Structures are given as structure tokens and as C-alpha cells.
Amino acid sequence: MTSEQITNTGSVSGDCGSAQARARTHVQAYVQTQARQNGSAKDGSATNGPARNDSAKDGPSGRKHGLQRCHAMLRPVSLRALLPWLTSIIGVASALCLVIAWFPSTVWNTPIVSSDAPAHYYFIHRLLDEGLGAALHLWPHDSFYPPLFHICAYLVIKIAALFGVQCSIYAAFNITWIIASGVIFPAGMLVLCRYFLRRWNRGNPISNPISRISQASSTPESSSVSESSNVSNQQVPSAGNRQYDAASDATFVLRNLIGLFVPVLAVSSVCHPYGLLNAGPLIAFGFATSLLPFLIAATLRLFDAIAAREHIAKWLAIAAVAGVVCLVAHPRIAFTYALILVPFIVLRLPWKLILGAFIAMCVGAVAFVALMLTSFKSDRWANPDSWFHSHQPSKNLWESISFCLTDGLDGFPAILFALLLIAGTAAAFVCASRRAAARASDSFSSAASTVVPVASADVDVDASTSDIAVSAADSPVSVSCPPPASHSNATDAASASSESSRLRRNDRLRDVIALTAAFLLVALVYVCTVTLVGALPNIISAPWYRDENRIMTMLPLATLPLLVIGINALAECVSACAASASFAPSASSFSTKNSASSVPSLSSASAVSSVKNASFASNWIVLIAVFLVIAILAVSAQIVCPSRSAARDTIIAHSSLNQSDPNEQLTEQKIAVLRKVTERTGTQATIISDPLNGSMYAETLFNANMLYPIINARTDVPSAPFGKVETAFASGDAQQVLGTVCPLTDAPEYFLTMGDQAQSLQSFPYRAQYDSFHNEELIDTYVDGGTLVKVADYSQYGQGWALYRFGCTD
């Protein structure tokens with residue numbers, strides 16, 4: 001072999017692979033050693049007779065030696081299996097601490113005063129009153145609302161009661177939110193990112209030159225001589241394996257360090273979970289978003305099973321269960337799920353399944369349109385340009401694009417995140433493209449190999465059978481010692497490995513393209529929502545109600561996996577370039593030594609040793625550099641975070657009772673009035689009031705029976721009393737009012753006035769339906785006619801505040 005051939009064999013052409021597990025290398029080395037020993041034993045039997053052969057193969061000392069080797073190989077497996085779990089626990093615990101530290105302390109005893117909060121508190125209250133049977137009809141008019149978040153809060157209260165602890169609705173609400181945001185979501189993002197890391201690093205050592213020198217030293221020309229030399233057989237593989245183990249360890253630690261910071265980065269952005277707690281809060285949708293990474297990961301594993309044609313039923317069942325759980329959390333999360341999965345469906349499924357998936361999506365879209373047309377009456381359906389007519393753009397084009405590239409971070413962390421995302425994506429494309437080209441050219445040579453290489457960079461080993469470096473999402477894998485491999489078994493293994501390599505030679509490239517496409521789709525929807533106006537942006541963003549807060553939650557799902565594999569690709573490129581710089585002279589020296597003699601003897605070991613120190617240093621220097629960069633990003637994101645701080649300050653302001661406007665939803669005066677009203681009426685009597693004045697909070701604050709415990713009291717549902725009461729009260733007809741109100745319950749019915757509607761609820765589109773409830777002239781008319789009888793005056797708290805009882809005959 002010439003110097004040029006060796007250099008070409010060991011050159012690094014952008015194939016910046018990462019390390020296989022150390023245990024897999026040991027097992028493969030053991031198999032080859034045993035195979036050579038069997039061959040030597042057979043040769044010896046020809047000379048010395050069958051007795052020597054049997055002694056070499058089946059003697060007690062041989063079996064004892066094999067068991068010792070097996071035990072030695074099994075010992076490091078447990079350590080490597082422990083590290084992913086340890087880093088996962090530390091990462092998720094850190095994320096939980098960040099979420100708890102951010103969480104406003106003011107909302108543990110008082111409610112969040114916002115548009116959607118009263119409904120969520122009421123849903124939990126209804127479950128407590130009626131039991132889990134109410135989960136399928138949580139709305140006051142008994143229609144369905146996604147109940148999973150509220151069921152979890154209900155269970156928190158019940159579990160606390162088992163230990164003698166009384167947990168309020170607000171505390172249970174907060175605990176459920178913290179668990180979903182600080183544990184479930186970062187853990188799900190860790191599972192998703194580790195999935196892509198495992199696929200990216202599968203079967204690819206971070207430093208290729210070492211392994212290729214080892215392969216060059218065992219060429220067919222020198223195999224006969226090296227087999228007859230014990231020095232060559234023992235020293236060359238051991239040197240190569242030691243250096244390969246160093247590269248493998250560097251890759252393994254790198255993957256776990258990246259995984260250590262993924263949970264922290266998942267909760268560093270205002271996109272999720274903090275934005276949704278401030279916007280409404282959008283609790284059910286946020287809970288579904290926290291669960292979504294598990295569904296995406298399960299679906300991708302299902303795609304892997306389909307490609308491998310094994311374990312399909314298992315992953316189909318897991319994905320189905322995860323899908324049902326997400327839909328019970330909030331059915332609208334299906335649009336986010338479909339948007340992110342579309343590129344993976346196109347790139348990784350057979351065309352028949354692609355067609356079936358898109359047919360299913362079309363059916364779902366038609367069903368959604370039908371639901372909207374039948375549920376919400378409007379004369380603007382035929383004119384998409386008039387949809388969301390009150391919506392106003394909040395960012396210009398550059399601001400919306402930069403927000404996507406920075407994952408909603410601020411300042412220096414935003415710049416660093418964007419730079420890493422762009423550079424990492426470019427590096428991932430280069431590495432994946434060159435690797436695909438190299439693998440295509442090497443597939444036939446891999447199939448022709450008669451011995452499986454110990455540390456080949458050109459062979460992907462099936463992760464389901466030999467991926468020892470497990471992730472946090474997988475159970476620890478045990479390794480058993482294989483029997484000695486014969487020549488035919490080695491050939492079969494090489495053929496199977498070559499076939500596996502052929503089937504998955506484009507995994508990296510497909511993942512990079514799919515993740516990039518998913519990010520671009522999410523960015524498109526976000527830009528259409530916050531910047532563009534017109535019919536097309538309305539149609540594109542309609543599944544998310546053209547709401548910026550819902551669409552922001554999709555950004556971490558696309559940016560974090562892309563960032564993780566991008567950083568991994570950058571690290572591989574730097575390490576490979578550093579290793580190749582020292583590989584070229586070593587390979588030339590090795591070729592010069594071998595040109596003078598056909599016996600390699602110790603020259604291959606010296607060639608490996610000459611590049612050992614430089615390659616070892618490059619791997620671990622890159623590891624330290626990556627650790628520092630990610631650590632700087634994660635830490636600085638907690639220091640420079642004005643967006644998260646602003647969201648926290650807004651929630652604190654919403655939960656404060658010291659309001660300058662006496663007509664706000666909740667003030668100290670209104671709390672005092674609601675307490676007195678409940679003491680006067682009891683918890684069984686029905687109280688009717690304008691919910692937009694804050695009276696709806698009496699339901700969960702003091703267990704009052706409010707007819708309108710939420711602001712969105714729909715009037716288009718036949719079973720709901722809201723529309724009938726509103727129409728009757730606005731009519732001015734005393735008989736109609738009493739004929740509608742009095743049959744509501746057997747208990748007395750009251751009417752409460754507490755001023756005008758709160759300014760913070762003026763954006764509610766149906767607020768006019770409650771105007772009659774604060775019409776003073778109409779109320780005076782009913783009082784004069786005896787329809788309403790004043791039973792308590794609260795004018796000392798606010799002008800016109802009073803409690804009336806309907807003049808029913810009960």
C-alpha cells in the first residue's frame with residue numbers, strides 16, 4: 001500500500017462522525033480475538049493432534065479466561081448506562097428549580113386575574129363538587145372542554161388530603177403548572193433531543209484517523225504475516241482500541257453534557273412555558289405543549305420501527321397512547337404536531353404511508369372546518385381577509401424573524417443562540433452531505449469485507465441490538481459475551497452490517513433537512529401571525545386563533561433539536577480537522593516504513609502512537625470548549641432575561657388587589673363584598689351578576705354558586721340558561737324575568753351589582769351581552785316593580801353596589 005493510498009484511506013472529508021460505545025468495541029474485539037484463537041487452535045491441531053485442540057477450546061482455563069474477559073467487559077457498561085440518567089436527573093432538576101424561582105409567589109393565595117383564569121379555576125371547582133364524572137362536561141352549559149390539566153389539579157388536592165393537608169384550588173393549579181412546565185416539558189425535550197443525538201452519533205467515532213490506521217494495518221497483504229506474529233496481533237489492536245476508546249469516551253461525555261443543558265435551555269425562553277401563564281392563562285394548551293415532545297419522539301421511533309420492520313406494534317401502541325393523552329390535554333395541539341411532523345413524514349416513510357398520512361390530515365382539516373362553521377356563526381366565513389379583523393401586527397418582519405432565530409431569548413444569549421443555530425445547522429448539512437456521499441461509495445467495499453472492523457467509521461451498527469450508550473429515554477442495556485465467531489459468522493455479520501449501513505446511510509441528512517424544514521414552517525406561521533395581514537396569513541394562522549402566544553410555544557420544539565445536533569456537528573468537525581492535521585504525517589511515516597519491508601511488525605503500533613496524543617487532546621479540548629459554550633448560553637439566559645421578568649411582573653400585577661381602578665376585576669373592596677355576599681346568601685343560592693365585573697371569582701374564592709362563573713357564557717347552546725336569562729333581563733318585562741330566573745334552582749336567586757365592566761376585559765368580543773346587568777335605569781325599574789328586592793347595600797365600597805333578591809314566591 002502506498003503513502004497516497006493510506007492518506008486517502010484516512011483523510012477526513014467532512015465525515016465528522018462521533019463515537020460508538022466503549023462496550024461495543026470491547027465485545028467486537030473479543031469476538032475477533034476469539035476467532036483468531038480458534039483459527040490458531042485449528043492450525044495447532046493439525047500438528048499436535050486433537051488433544052491440543054480440545055484443550056485450547058474447551059479446557060477449564062480457557063473457560064475461566066473467557067468468563068473473566070466477559071466480566072471485565074460488563075463492568076463499564078453499568079457506568080456508561082448510569083451517566084445519561086445522572087445527567088438527565090441533574091438537568092431536569094435544574095430546570096425545575098428555574099421554574100420555581102421564576103414563579104410569582106403572589107398567586108398562591110389569590111387568583112390570577114385574567115380572561116381565561118376564572119374558567120380554569122371553575123373547572124377544578126366543578127370536579128371537586130361533582131367528581132371525575134364531570135370531566136366530560138366541564139363547561140357550565142355541560143359541553144366538553146379538555147380536562148387533563150384540571151384532572152391533575154384535582155388529583156393534587158385529593159392526594160394532599162390523604163396526608164391531612166388542605167390544598168386550595170389556586171395552590172393545586174400552581175403545582176400542576178409547575179410540574180408540567182418544570183418537569184414534564186424539559187424531560188420531554190431531553191428525550192426528543194437525545195433521540196436525534198443517538199441517531200446522529202450512531203456508529204460514528206468522533207476521530208476517524210485512528211481507526212483507519214488500525215484498519216490499514218490489517219490489510220490483506222499483511223494479514224498472513226501479522227497473524228503469525230503475536231506482537232503484531234496483540235499490540236496493534238490494543239493501541240488502536242485504547243485510542244478509539246478515548247475518542248468514544250469524548251463523544252459519549254459530549255452527548256451527555258449537551259443533554260445536561262437541554263432541560264435548562266428548554267425553560268430559558270419566554271416562548272414556553274412562561275408566555276402562556278401570562279396570556280389568559282392558556283393553561284390547557286400549555287399543558288398539551290408540555291406533553292407534545294413525548295408524542296413527537298414516540299412517533300419518530302415508530303417511523304424507525306417501520307423502516308426496520310420490527311417492533312412496529314410496540315411503538316404504534318406507545319404513539320397512540322401519547323396521542324390520546326395530548327388530545328385530552330387540548331385537541332388543538334394536533335395542528336402543532338402535524339406542522340412539525342410533516343417534513344419527517346415526507347422524508348422517512350414509504351410513499352403509501354405518506355399518502356395515507358396526508359389523507360388523514362385532509363380529513364382532519366375538513367372536520368375542523370365543519371366544526372368551526374357549525375359552532376361559531378359568522379357572516380365572514382367566505383371572506384378570509386375579514387377574519388381576525390381586530391388583529392394588529394405586533395412586530396415588523398426583521399423582529400419576527402430574529403425572534404424565531406433566537407428562540408425568544410434576550411440580549412447576549414439571543415445572539416449566541418442564533419449564531420450557534422446558524423453555524424451548527426450549516427455544519428450539520430456539510431457533515432451529513434459528505435457522509436452520505438462517502439457511505440454510498442463505501443457500501444460495496446463494506447459488504448465484501450470478511451471480518452467486521454473493530455472501530456470502523458463506515459459501518460452503522462443496529463442501535464436496537466448494539467447501542468450500549470443508552471440515552472435517558474432508554475433502559476440500561478446489558479451485554480452478554482458472544483461465542484467465538486467462525487469465518488462464516490463474521491462474513492454474515494459483515495453482510496448484515498453492510499445492509500444496515502445501506503438502509504440508513506442518509507439518516508443524518510434526512511434529520512437535518514426535516515428539522516430545518518420544521519423550523520422554517522414554524523417561523524412561517526409565526527411571521528404570518530405577528531407581521532403579515534390579509535387572507536393568506538389569516539388562513540395559515542387560523543388553527544392557532546392567530547394568537548402569537550400559542551405559536552411561540554412551537555419554537556423550542558424546532559430550535560432545540562436543531563441546535564443540539566448542530567453543536568454536535570460543529571464539535572465533530574473541529575475534532576476531525578485537528579485529528580487529520582496530525583494524521584497525514586503519521587500515515588506517511590507508516591507508509592515509508594512498510595515500503596522497506598512486507599512485514600509491518602511494530603510499525604502500525606508506532607503509527608497509532610504518533611497520532612495518539614494529538615487526537616486525544618483534540619477530542620477533549622473540543623469537549624471542554626463545547627461544554628463552556630453551552631454553559632455560557634444556559635447561564636447567561638438566566639441572567640439576561642427581561643422578557644421572562646416582564647411576564648412575571650405582569651402576572652404579579654394581575655394578582656394584586658391594590659388596583660388604582662375600582663372597577664377592575666378584583667380589588668380589596670370587591671373581595672370584601674364577595675365575602676359578605678356569600679355569608680348572606682349561603683353556598684346553595686344562585687347569584688346572577690355581570691361576570692366582567694369580577695363577581696365570577698366568588699365561585700372559587702368563597703364557594704358561592706354563581707350563575708356566570710366564567711366570562712365566556714355562550715348563548716348559542718340550547719341547554720344553557722345564559723341566553724334565556726340575558727334576554728329576559730334585558731326585556732324589561734317583570735313576568736318574563738321571574739318566569740326565567742325562578743325555575744333555575746329550588747334555592748333563592750339573587751342579583752349582584754358591582755359597577756361597570758373591568759377595563760382589562762374590554763377585549764372580550766362578547767362583552768355587550770352583559771350590558772343589561774349594569775344598566776342602572778333598568779335595575780331601578782325592576783326594584784320599583786318588586787321584581788328585585790334590595791337586601792344589602794354596599795355603596796360604601798362602590799357607587800351603586802348592592803345585593804338584590806328576585807321576587808320569586810319560594
Side-chain angles (χ1 to χ4, degrees), residues 18 84 87-88 91-92 95 184-202 254-269 271-272 289-304 322 336-348 404-409 417-418 420-429 431-432 471-474 507-523 552-572 626 630 633-634:
S18 62
T87 55
S88 301
V92 174
I184 296 177
F185 179 64
M189 291 304 303
L190 180 60
V191 169
L192 183 61
C193 291
R194 281 191 184 276
Y195 166 81
F196 287 109
L197 272 177
R198 183 171 59 252
R199 281 173 57 86
W200 182 272
N201 290 305
R202 182 172 54 193
L254 172 63
R255 290 159 59 183
N256 284 281
L257 288 179
I258 293 176
L260 178 66
F261 289 103
V262 164
V264 175
L265 292 175
V267 297
S268 296
S269 170
C271 294
H272 187 71
T289 301
S290 297
L291 294 168
L292 185 58
F294 292 102
L295 174 58
I296 295 175
T299 305
L300 294 176
R301 293 297 295 267
L302 174 61
F303 292 172
D304 292 343
T336 302
Y337 170 74
L339 185 71
I340 294 176
L341 261 293
V342 161
F344 295 96
I345 292 174
V346 173
L347 292 173
R348 292 178 54 181
C404 295
L405 290 174
T406 60
D407 193 35
L409 297 174
F417 188 97
L420 289 175
L421 183 66
I422 295 172
T425 303
F429 266 109
C431 286
S471 70
D474 296 327
D507 274 3
R508 280 187 167 191
L509 187 59
R510 291 176 180 176
D511 284 349
V512 176
I513 294 175
L515 283 173
T516 304
F519 169 74
L520 294 177
L521 288 175
V522 171
M552 283 167 52
T553 62
M554 295 189 288
L555 287 173
L557 298 171
T559 56
L560 279 184
L562 192 58
L563 177 74
V564 163
I565 65 171
I567 291 176
N568 197 73
L570 281 174
E572 290 181 6
V626 170
I630 301 179
L633 175 61

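The structure presented is a predicted model; accordingly, all values stated were derived computationally and were not measured.
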Return yes if some donor-acceptor pair links the side-chain N/O of Asn201 with the main-chain N/O of Leu197 below 3.5 Å, else return no.
yes
So do Val346 and Arg510 actually touch side chain to side chain, heavy atoms under 4.5 Å?
no
Minimum heavy-atom separation for Leu570 to Ala423, with atom names?
CD2-O, 3.9 Å
So do Phe185 and Pro263 actually touch side chain to side chain, heavy atoms under 4.5 Å?
no
Value for SG (Cys271) from CG (Leu555), rounded to nearest 0.5 Å, stands at 4.5 Å
Listed partners of Ile340 passing side chain to side chain contact (heavy atoms under 4.5 Å, CB included), at least two apart:
Ile296, Thr336, Ala518, Val522, Leu557
Looking at CG of Leu300 and CG of Leu192, how far apart are the two atoms once the value is rounded to the nearest 0.5 Å?
6.5 Å
Going from CD1 on Ile630 to CD1 on Ile567, what distance comes out if it is rounded to the nearest 0.5 angstrom?
4.0 Å
Mind checking side chain to side chain donor-acceptor pair (under 3.5 Å) for Ser290 and listing every partner two or more places apart, or none if nothing turns up?
His272
Partner set under side chain to side chain contact (heavy atoms under 4.5 Å, CB included) for Ala298, not counting sequence neighbours:
Ile318, Ala319
Test of understanding: with side chain to side chain contact (heavy atoms under 4.5 Å, CB included), list the residues that count as partners of Leu521, not counting sequence neighbours.
Leu339, Pro343
Less than 4.5 Å apart, side chain to side chain, heavy atoms only: is that true for Leu405 and Phe417?
no
The reported gap from CG in Leu633 to OG in Ser268 (rounded to nearest 0.5 angstrom) is 7.5 Å
Contacts of Phe196 that satisfy ring pair (Phe, Tyr, Trp, His ring centres under 6.0 Å) - sequence neighbours left out
Phe344
Within a strict 4.5 Å, meaning less than it, do heavy atoms of the Met189 and Ile184 side chains meet?
no
With Leu563, which of Ile258, Val262, Leu420, Asn568 fulfils side chain to side chain contact (heavy atoms under 4.5 Å, CB included)?
Leu420
Can a salt bridge be assigned to the pair Arg348 and Asp507 using a cut-off of 4.0 Å between side-chain N and carboxylate O?
no
Please lay out, stage by stage, how Leu515 and Ile565 fare under the test side-chain contact (heavy atoms from CB on, under 4.5 Å).
CA-CA 10 Å; Leu515 283 173; Ile565 65 171; 3.5 Å; yes
Interatomic distance, CE@Met554 vs SG@Cys404, rounded to 0.5 Å, equals 9.0 Å
Could you go through the side-chain contact (heavy atoms from CB on, under 4.5 Å) check for Arg194 and Thr87 one step at a time?
CA-CA 12 Å; Arg194 281 191 184 276; Thr87 55; 3.0 Å; yes
4.5 Å side-chain heavy-atom contact, Val191 and Pro293:
no
Trp200/Val512 under side-chain contact (heavy atoms from CB on, under 4.5 Å): CA gap, chis, key distance, verdict
CA-CA 10 Å; Trp200 182 272; Val512 176; 3.5 Å; yes
Who passes side chain to side chain contact (heavy atoms under 4.5 Å, CB included) against Thr425, sequence neighbours left out?
Leu421, Phe429, Thr516, Leu562
Spatial distance of atom CG (Leu190) from atom OG (Ser88) [nearest 0.5 Å]:
4.5 Å
Which heavy-atom pair separates Pro556 from Pro561 by the least distance, and what is that distance?
O-CD, 3.7 Å
For a side chain to side chain donor-acceptor pair (under 3.5 Å) check, start with the C-alpha distance between Asp304 and Tyr195, then their side-chain angles and the critical distance, and finish with the verdict.
CA-CA 11 Å; Asp304 292 343; Tyr195 166 81; 2.8 Å; yes
Ring pair (Phe, Tyr, Trp, His ring centres under 6.0 Å) filter on Phe261, not counting sequence neighbours, yields Phe627
Identify, with sequence neighbours excluded, every residue that meets salt bridge (charged side-chain N to carboxylate O under 4.0 Å, His left out) alongside Asp407.
none
Taking every heavy atom of Asn256 against every heavy atom of Pro84, the minimum-distance pair comes out as OD1-CA, 3.0 Å
